[in-house]
Amino acid sequence: MSESIPRVCDLIRREALKLLTDGSVAVDATVGNGHDTLFLCEAVGERGRVYGFDIQPVAIERTRERLREAGLAQRARLILGSHERMADHIGAESADVILFNLGYLPNGDHTVITKGEITVAALKTAVNLLKTGGAVFVAIYWGHPGGREEKEAVEAFAASLPSDRFDTAEISFPNKNKAPLALIIQKK
Ligand SMILES: C[S@@+](CC[C@H](N)C(=O)[O-])C[C@H]1O[C@@H](n2cnc3c(N)ncnc32)[C@H](O)[C@@H]1O
């Protein structure tokens with residue numbers, strides 16, 4: 001039986017899982033409803049640690065509740081604050097995986113969106129927090145107003161990274177209208 005092409009979030013999780021093991025350090029830069037944070041908490045094992053950021057209290061609350069229900073809350077440190085300040089909480093060259101999921105909070109306020117300038121500032125910080133072999137994964141949702149500008153800013157940032165220090169890849173779905181993209185930045 002043939003396997004179908006995964007959705008962008010599943011594709012990112014599949015690749016991220018290859019870099020995670022018991023004791024890993026991971027970051028969810030946009031916790032939202034906590035689905036990715038839960039995935040990371042499961043993947044880093046009992047000895048691992050997940051740092052999660054969001055600027056909306058409702059997102060932090062939903063994520064905290066999701067982790068509590070799963071019995072994994074002790075593996076996460078949830079921070080109400082903007083992700084471009086993540087270096088205040090995480091040491092340089094210490095993260096195995098950093099996830100960004102751009103756009104707005106599903107079942108939340110659709111006017112609160114990630115913004116290109118801030119996202120790029122956060123990505124600049126994030127790449128410095130990666131261990132050798134670690135990676136930043138960005139799910140780029142860009143169908144909403146402002147999304148195209150953010151997508152272009154993120155792509156320009158990835159294109160500017162020196163190829164002797166970082167590998168980059170972007171996965172797109174060419175026959176789907178404004179489908180989300182997956183961007184991967186791996187530190188060599
Ligand atoms: C697409 S949602 C994330 C979905 C989430 N990954 C999940 O599994 O449910 C994007 C989130 O980014 C958050 N966000 C927007 N700007 C932010 C910033 N500067 N720092 C941290 N989070 C931000 C929004 O509040 C929203 O919850």
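Counting starts at 1 for both ligands and their atoms, in listed order.
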Name the closest protein heavy atom to [atom], giving the residue it belongs to and the distance to 0.1 Å.
atom                    : result
atom 23 (C) of ligand 1 : Ile55 CG1, 3.8 Å
atom 3 (C) of ligand 1  : Thr30 O, 3.4 Å
atom 20 (N) of ligand 1 : His83 N, 3.0 Å
atom 6 (N) of ligand 1  : Asp36 OD2, 2.9 Å
atom 19 (N) of ligand 1 : Ser82 OG, 2.9 Å
atom 15 (C) of ligand 1 : Thr114 CG2, 3.5 Å
atom 10 (C) of ligand 1 : Asn101 O, 3.3 Å
atom 5 (C) of ligand 1  : Val31 O, 3.2 Å

If we set the cut-off at 4.0 Å for heavy atoms, which region of [X] has an atom near ligand 1: side chain, backbone, both, or neither?
X      : answer
Leu102 : backbone
Ile118 : side chain
Tyr104 : backbone

Quick test of your reading of the model: are [X] and [Y] salt-bridged, counting only N-O distances below 4.0 Å?
X     : Y      : answer
Glu93 : Lys187 : yes
Asp36 : Arg13  : yes
Glu65 : Arg62  : no
Arg66 : Glu69  : no

Indicate whether any N or O donor in one side chain lies under 3.5 Å from an N or O acceptor in the other, for Glu150 and Thr119. yes
Verify, without hydrogens or angle tests, whether Asp109 (side chain) and Thr111 (backbone) share a donor-acceptor contact under 3.5 angstrom. yes
Other residues, nucleotides, ligands: >12 heavy atoms within 6.0 Å of Gln74 CD: yes
Tell me if the NZ atom of Lys18 is crowded by more than 12 foreign heavy atoms within 6.0 Å. yes
Measuring centre to centre across the rings, with the benzene-like ring taken for any Trp, is Tyr104 within less than 6.0 Å of His110? yes
Contact atoms of ligand 1, heavy-atom distance to Gly103 under 4.0 Å: 10 (C)
Quick check on contacts: which atoms of ligand 1 are under 4.0 angstrom from a heavy atom of Gly34? 7 (C), 9 (O)
Of the listed options Asn33, Asp54, Leu80, closest to atom 22 (N) of ligand 1 (non-hydrogen atoms): Asp54
Answer yes or no: does an N/O atom from Gln56 fall short of 3.5 Å to an N/O atom of ligand 1? yes
Check: His35 N/O within less than 3.5 Å of ligand 1 N/O: yes
Would you please determine whether Ala29 falls within less than 4.0 Å of ligand 1 on a heavy-atom basis? yes
Is the shortest side-chain heavy-atom distance between Lys188 and Asp164 below 4.5 Å? no
Treating Ile, Leu, Val, Met, Phe, Trp and Tyr as nodes and any side-chain heavy-atom pair under 4.5 angstrom as an edge, say whether Leu17 and Val8 lie in one connected cluster. yes
